[in-house]
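The structure appears below as structure tokens.
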Amino acid sequence: MNIDIIEKYNMLPKGTRLLCAVSGGADSMCLLKLMLSMREKLDISVCAAHFEHGIRGQESLRDANFVADWCKENNVELVLEHGKAEAYAKAHSMGLEEAARVLRYDFLNRAAEKTGCTKIATAHNADDNVETMLFNLARGTGSLGLSGIPPVRGNIIRPLLGCTRAQIEQYLRENNVPHVEDSSNASDDYSRNIIRHRVMPVLREINPEISAAAGRTAELLREDENYLSASAENFIRKNYDGESLEAEKLLNLPRPVAARVIRKLSEKNLSYKNVQDVLNFCSGEGLGWTDIPGLRIRREYGRIYFKDENWGKIEEKEIVPDSEMIIPELGLKIKAYLSVKTEEINDLFKTYLFKYANICGNIMLTGRKNGDSITPYGRNCTKSLKKLFLEAGYTQRQRDLTPVLRDDKGVLAVYGLAVSQRVRAQKGDEVLRIEIERI
């Protein structure tokens, strides 16, 4: 048995409490027996966990009982749980295999916490690794998919990844370890079984050591993937502000790195076409959006925004003299009261003095509206708010969340940008004084 992988990846430091995922099949029984036999040598303790998915009826219950009986006979602590994978798949609109996988790993993590285990071992072997690589190749994949099954992923370890299925079966015979057979393994109803039954025998005719050869290839590809992934993370660390990055810098990256940046920032499982669509979108100009699965990406002022922006809108509120209000969506507090102008003041970020006699009807605080325009004090021209925002270099988010003060006749002020000439007050005029401050 080739288990050098345990030391190579430091899978089991001294004192580790290990949880073995045990289905009752040949691979998992080999894993459990092997780990139990190495307890003293590795200075570890071993527990077992079995999850019965509720898929194969009596056969599934047979497997659970087999594992429970074997663990009891061999004095192995076991956590056993029954699930309903079919119901879960239906409730979450996913395939049965995917649902079973999700439930299984959720159970294993809970079982590890319950037993105080810091590592979880699964029985994936070298043949599983080749089959996974071929399955991913058939669907279309990059180096990550061709890297196969990782030896270590978080607290999950795969001690048998260097062992073939034939070696595992030999170990079971030599050590008189029983196991159960899953009848679905004999069927070609699943893609992986087709690969196992029809493709692998042909490959073994070409190279009897195909599993070892594919394992070396997977390891080399993992090294390449780790390097490219680290390069992408380094770029993100230096260039991503939490929402966006410069499109030109992204486009100047080597494509393999740029693709990984896009996948990491989108946090989605993107296809080759999805990534290419985003790169093509980055090379465009002006304001724009593109949709990828589960996310809308925005281009604005030469930057690409990866956050799925949903910042809402400003709720319209009436501003009444001698009142105070909080605008929680903007983080602002507004005070309004009547006074007499005694000095020249119109602080675009704090205080506004509107000539009260020139105000028409109610004063409202709103967001921007289509067709809005203003004649800014001191500029002798009328500008649309669209142009005003454009000149200020405001992003779409800033435009949507900039408060606008208006009366029945039109815009009185745009927070931080302009005050209307129409309500300019002279010294001695009665004014509505509006003070805005951040909270």
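Model, not experiment: these values are computed from the prediction. Sequential numbering from 1 along the given sequence is applied to the chain's residues.
- Heavy-atom minimum distance, M35 versus V46: O-CG2, 3.8 Å.
- Formation of a donor-acceptor pair under 3.5 Å by the H50 side chain with backbone atoms of V22 is found in this model.
- Rounding to the nearest 0.5 Å gives a distance of 4.0 Å between OG1 of T122 and CZ of R158.
- Using a 30° and 60° split on the angle between ring planes, Y352 and Y415 fall in the tilted class, from 30° to 60°.
- For D429 and R424, the salt-bridge test fails: no basic side-chain N is under 4.0 Å from an acidic carboxylate O.
- Between V79 and C47, the closest side-chain pair of non-hydrogen atoms is not below 4.5 Å.
- The side chain to side chain contact (heavy atoms under 4.5 Å, CB included) test with I157 is passed by exactly one of N10, I5, L12, I120: L12.
- For the residue pair E324 / Y337, no side-chain donor-acceptor distance below 3.5 Å is found, with atom types taken as modelled.
- Checking side-chain atoms of D407 against main-chain N and O of G410 turns up a donor-acceptor pair under 3.5 Å.
- With sequence neighbours left out, R263 forms a side-chain contact (heavy atoms from CB on, under 4.5 Å) with A259, L270, V275.
- The existence of a salt bridge linking K14 and D43 is excluded, since no basic side-chain nitrogen approaches an acidic carboxylate oxygen closer than 4.0 Å.
- With hydrogens and angles disregarded, a donor-acceptor distance shorter than 3.5 Å links the side chain of N274 to the backbone of S271.
- Residues E267 and F306 are not in side-chain contact: their nearest non-hydrogen atoms beyond the backbone lie 4.5 Å or more apart.
- With rounding to the nearest 0.5 angstrom, the CD1 atom of I3 is 7.0 Å from the SG atom of C163.
- In this pair, H53 and F51 present their aromatic rings perpendicular. The plane angle is above 60°, beyond the 30 to 60° band.
- Heavy-atom neighbours of E7 CD from other residues, nucleotides or ligands within 6.0 Å: at or below the threshold of 12.
- The residues D63 and R56 are annotated as salt-bridged, a charged nitrogen and a carboxylate oxygen being separated by less than 4.0 angstrom.
- Atom CD of E248 has 12 or fewer heavy atoms from other residues, nucleotides or ligands within 6.0 Å.
- Here R406 pairs with D372 in a salt bridge; the nearest charged N to carboxylate O distance falls below 4.0 Å.
- With no hydrogens or angles considered, a side-chain donor-acceptor pair links S244 and D241 at under 3.5 Å.
- For K264, the NZ atom counts as densely surrounded, since its 6.0 Å shell holds more than 12 non-hydrogen atoms of other residues, nucleotides or ligands.
- Note that OG1 of T351 is 8.5 Å distant from CD1 of I436, once rounded to the nearest 0.5 Å.
- The number of heavy atoms from other shown groups lying within 6.0 Å of CD (E233) is above 12.
- Shown here is R153, whose CZ atom has no more than 12 heavy atoms of other residues, nucleotides or ligands within 6.0 Å.
- One N or O on the side chain of R260 and one on the backbone of P256 form a donor-acceptor pair closer than 3.5 Å.
- The backbone N or O of V423 sits nowhere less than 3.5 Å from a side-chain atom of N358 that would complete a donor-acceptor pair.
- Under the 3.5 Å distance criterion, with hydrogens and angles disregarded, no donor-acceptor pair is assigned to the side chains of S147 and R222.
- Between the side chain of R433 and the backbone N or O of A336 there is no donor-acceptor pair closer than 3.5 Å.
- No side-chain N or O of T164 forms a donor-acceptor pair with one of D127 less than 3.5 Å apart.
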